[in-house]
Amino acid sequence: MNYFTEKLTKMEPAPGYRVRVQFEDGFKAELDLSPLLDEGPIFAPLRDPAFFGAVQLDRGVPVWSDDVDLSPGSLRAWAEAGRVLSVEETDEWVARNSHPAASVA
């Protein structure tokens, strides 16, 4: 697993602040993104349900506007963990679950 090269093939809003995601390798999950709503002003626009529902994919990266996007690698780690992780937890998850052969050159 190389979290730095992850790409989404599908992401759609679900009820609440949840999303359904599918990655290039076919892995699918549903994830509650509501913990991000209190993670600073960059994610504040996501509180608006209409804005949240307007997510699009740009070359496999989920974006809401020029200012709001999410790392597909972080989304994959969170989906595998079953919840949004803190920055530190995400870094630990990626380090623990990455395979040396999949490292970025």
Side-chain angles (χ1 to χ4, degrees):
M1 171 63 59
N2 185 342
Y3 292 88
F4 298 105
T5 60
E6 283 295 312
K7 298 266 190 268
L8 289 151
T9 58
K10 188 175 185 179
M11 182 167 173
E12 59 187 25
Y17 292 101
R18 301 182 70 78
V19 292
R20 292 183 191 99
V21 294
Q22 181 173 337
F23 293 86
E24 285 182 322
D25 66 357
F27 177 80
K28 296 178 183 179
E30 187 169 312
L31 187 62
D32 179 8
L33 296 181
S34 63
L36 292 178
L37 303 179
D38 295 323
E39 289 297 318
I42 189 74
F43 294 115
L46 295 178
R47 291 183 185 132
D48 175 355
F51 186 88
F52 186 86
V55 65
Q56 297 182 348
L57 291 180
D58 181 6
R59 293 173 291 205
V61 176
V63 296
W64 282 268
S65 71
D66 290 340
D67 297 325
V68 183
D69 61 22
L70 288 176
S71 157
S74 293
L75 277 171
R76 177 66 181 248
W78 299 344
E80 289 177 4
R83 66 180 177 87
V84 172
L85 304 171
S86 70
V87 172
E88 295 80 14
E89 289 174 316
T90 301
D91 290 345
E92 290 171 12
W93 179 273
V94 168
R96 189 173 54 251
N97 293 286
S98 292
H99 301 292
S103 63
V104 176

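Given the structure is predicted, the values throughout are model-derived calculations rather than measurements. Residue numbers run from 1 in the order of the sequence given.
Nearest heavy-atom pair across Pro45 and Ile42 is CD-O, 3.5 Å. Trp93 approaches Ala77 most closely through the heavy-atom pair CD1-CB, 3.2 Å. Taking all atoms of both residues into account, the shortest heavy-atom contact from Leu31 to Gly82 is CD1-C, 4.3 Å.
Using a 4.5 Å cut-off on side-chain heavy atoms (C-beta onward), Val94 and Phe4 make contact. With contacts defined as side-chain heavy-atom distances shorter than 4.5 Å, the pair Asp32/Trp78 does not qualify. Two residues are said to be in side-chain contact when any heavy atoms from C-beta on lie closer than 4.5 Å; Ser74 and Tyr3 fail this criterion. In this structure the side chain of Val84 reaches within 4.5 angstrom of the side chain of Leu36, judged on heavy atoms.
Taking CD of Gln22 as the start and CZ of Phe27 as the end, the distance is 10.5 Å to the nearest 0.5 Å. For the atom pair Leu70 CG and Leu46 CG, the distance stands at 7.0 Å (nearest 0.5 Å).
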Assess the residue pair Ser65 and Asp67 against the criterion (side chain to side chain donor-acceptor pair (under 3.5 Å)); give the C-alpha distance rounded to whole Å, side-chain angles, the decisive distance to 0.1 Å, and a yes or no. CA-CA 5 Å; Ser65 71; Asp67 297 325; 4.8 Å; no

Please tabulate, for the side chains in residues 51-61, all donor-acceptor contacts under 3.5 angstrom to protein atoms that are two or more places apart in sequence or on a different chain.
none

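Annotation: salt bridge (Lys or Arg N to Asp or Glu O under 4.0 Å) contacts involving residues 35-52, sequence neighbours excluded, comprise Asp38-Arg47. Listed by first then second residue, pairs satisfying salt bridge (Lys or Arg N to Asp or Glu O under 4.0 Å) with a partner in residues 86-98 read Arg83-Glu89, not counting sequence neighbours.
The cluster map of Ile, Leu, Val, Met, Phe, Trp and Tyr, joined by side-chain heavy atoms under 4.5 Å apart, puts Val19 and Val63 in different clusters. In the hydrophobic cluster analysis, where Ile, Leu, Val, Met, Phe, Trp and Tyr join through side-chain heavy atoms closer than 4.5 angstrom, Trp64 is grouped together with Leu75.
Listed by chain and number, the residues in a salt bridge (Lys or Arg N to Asp or Glu O under 4.0 Å) with Glu80 are Arg76 (sequence neighbours excluded). Contacts of Arg20 classified as salt bridge (Lys or Arg N to Asp or Glu O under 4.0 Å), with partners at least two apart in sequence or in another chain: Glu12, Glu30. Residues satisfying the side chain to side chain donor-acceptor pair (under 3.5 Å) criterion with Asn97, sequence neighbours excluded, are absent altogether.
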